[in-house]
J.: 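Sharing a structure here in structure tokens format.
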Amino acid sequence: MAPQVDVAIGILVQQRDGRAWVLIARRRDDAVLGGYWELPGGKLEQGESPAQCLVREYKEELGITVEVGQGLPAIEFAYDHAHVRLHPFYCTLFAGVPRNLHVAEHRWVPAEELTQYQFPPANTALIKTVRLALLGAASP
């Protein structure tokens with residue numbers, strides 16, 4: 001049986017030019033699901049809350065400090081290598097400028113373009129939900 005893995009996912013959004021922009025990162029090729037784009041985050045460590053995990057992961061992967069906000073419902077997905085439970089949260093940038101510390105690359109993309117990137121299968125519904133929520137929020 002595949003191990004259970006709890007993963008915190010951050011949806012870092014900035015409003016610019018009347019549009020919602022989301023920070024995404026591409027996983028290094030040698031990582032699990034290498035080459036896929038992701039909403040930054042990572043595995044929860046022992047005794048760590050999803051919010052604490054996101055603060056740590058954004059600092060380690062991109063060198064920035066985030067504030068963790070509203071959570072979304074958890075998502076469960078079974079891969080061959082693991083059963084994952086994703087804990088998504090909206091985040092805001094508190095300090096720093098993103099750098100590629102432990103990711104292959106990062107980009108700020110308009111919410112309407114999120115579905116043009118290849119995300120891991122567990123993220124498919126979340127990406128659509130976030131895109132629709134942000135496009136609705138950006139409407140007058």
Side-chain angles (χ1 to χ4, degrees):
M1 180 175 210
Q4 170 77 35
V5 179
D6 282 286
V7 177
I9 293 181
I11 307 153
L12 182 57
V13 181
Q14 283 189 342
Q15 296 291 334
R16 293 194 318 254
D17 306 321
R19 298 165 86 182
W21 295 76
V22 180
L23 183 68
I24 63 172
R26 191 171 59 77
R27 295 177 183 211
R28 291 180 173 176
D29 290 338
D30 61 350
V32 173
L33 300 170
Y36 279 98
W37 288 90
E38 66 179 354
L39 295 166
K43 295 179 193 173
L44 275 68
E45 294 182 350
Q46 184 71 31
E48 187 176 51
S49 72
Q52 291 167 328
C53 177
L54 284 173
V55 170
R56 176 181 54 77
E57 288 284 345
Y58 270 98
K59 186 60 105 177
E60 290 175 0
E61 293 181 359
L62 295 155
I64 58 176
T65 304
V66 298
E67 289 183 349
V68 180
Q70 176 189 353
L72 296 172
I75 298 165
E76 303 225 8
F77 191 88
Y79 288 107
D80 290 340
H81 66 278
H83 179 94
V84 297
R85 182 181 302 123
L86 307 177
H87 302 273
F89 288 83
Y90 284 101
C91 298
T92 54
L93 181 61
F94 181 74
V97 176
R99 301 180 317 256
N100 299 330
L101 301 177
H102 290 284
V103 298
E105 65 180 296
H106 71 277
R107 294 182 186 170
W108 285 101
V109 298
E112 61 268 21
E113 294 178 13
L114 281 172
T115 53
Q116 296 176 20
Y117 293 83
Q118 186 176 17
F119 289 86
N123 289 259
T124 302
L126 176 62
I127 294 299
K128 290 177 183 174
T129 298
V130 166
R131 181 181 177 275
L132 289 172
L134 292 175
L135 291 177
S139 299

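Bear in mind the structure is a predicted one, so any value in this text is a computation, not a measurement. Index from 1, following the sequence.
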J.: Once side chain to side chain donor-acceptor pair (under 3.5 Å) is applied, do any residues pair with Ser49, and if so which ones, sequence neighbours excluded?
T.: Gln52

J.: Which heavy atom of Leu44 sits nearest a heavy atom of Glu48, and at what distance?
T.: CD2-O, 3.4 Å

J.: At what distance, to the nearest 0.5 angstrom, does CG of Leu134 lie from OG1 of Thr129?
T.: 10.5 Å

J.: Could you state the interatomic distance from CG (Asp6) to NZ (Lys43), rounded to the nearest 0.5 Å?
T.: 11.0 Å

J.: Is there a path of hydrophobic side-chain contacts, each under 4.5 Å between heavy atoms of I/L/V/M/F/W/Y residues, joining Ile127 to Ile24?
T.: yes

J.: Which pairs of donor and acceptor atoms, one on a side chain in residues 73-82, lie under 3.5 Å apart (sequence neighbours left out)?
T.:
unit_1, atom_1, unit_2, atom_2, d
Glu76, OE1, His83, NE2, 2.6
Glu76, OE2, Arg85, NE, 3.0
Tyr79, OH, Ala122, N, 3.0

J.: Other members of the hydrophobic cluster containing Leu93, with the 4.5 Å side-chain heavy-atom rule, please.
T.: Leu12, Trp21, Leu23, Leu54, Val55, Tyr58, Leu62, Ile64, Val66, Val68, Phe89, Val103, Trp108

J.: Using the side-chain hydrogen bond (donor to acceptor under 3.5 Å, both in side chains) rule, collect all pairs that involve residues 93-103, keeping only residues at least two apart or in two chains.
T.: Asn100-His106

J.: Using every non-hydrogen atom in the two residues, find where Gly10 and Cys91 come nearest and quote the distance to one decimal.
T.: CA-SG, 3.9 Å

J.: Residues two or more places apart in sequence or in another chain: which of them pass side chain to side chain donor-acceptor pair (under 3.5 Å) with Lys59?
T.: Thr65

J.: Provide the closest heavy-atom pair for Phe119 versus Leu39 in the form atom of the first, atom of the second, distance.
T.: CE2-N, 4.0 Å

J.: Which pairs, with at least one residue in residues 100-121 and sequence neighbours excluded, count as a salt bridge (charged side-chain N to carboxylate O under 4.0 Å, His left out)?
T.: Arg19-Glu112, Arg26-Glu105, Glu105-Arg107

J.: If I take atom CD1 from residue Ile9 and atom CG from residue Leu72, how far apart are they, to the nearest 0.5 angstrom?
T.: 10.0 Å

J.: Taking salt bridge (charged side-chain N to carboxylate O under 4.0 Å, His left out) as the cut-off, I'd like each qualifying pair that reaches into residues 124-134, sequence neighbours left out, listed once.
T.: none

J.: How about His87 and Cys53: do any of their side-chain heavy atoms sit closer than 4.5 Å?
T.: no

J.: Could you grab the distance from atom CD of Gln70 to atom OG1 of Thr92, nearest 0.5 Å is fine?
T.: 12.5 Å

J.: Is there a continuous path of hydrophobic side-chain contacts, each under 4.5 Å between heavy atoms, that joins Leu126 to Val5?
T.: yes

J.: Report all side-chain donor-acceptor pairs from residues 28-35 shorter than 3.5 Å, counting only partners two or more places apart or in another chain.
T.:
unit_1, atom_1, unit_2, atom_2, d
Arg28, NH2, Leu101, O, 2.8

J.: Got Leu114 and Trp37 here, is their nearest side-chain heavy-atom distance under 4.5 Å?
T.: no

J.: With Tyr36, which residues qualify under side chain to side chain donor-acceptor pair (under 3.5 Å), at least two apart?
T.: none

J.: Filter on salt bridge (charged side-chain N to carboxylate O under 4.0 Å, His left out), then keep only pairs touching residues 60-74, sequence neighbours left out; what's left?
T.: Arg56-Glu60

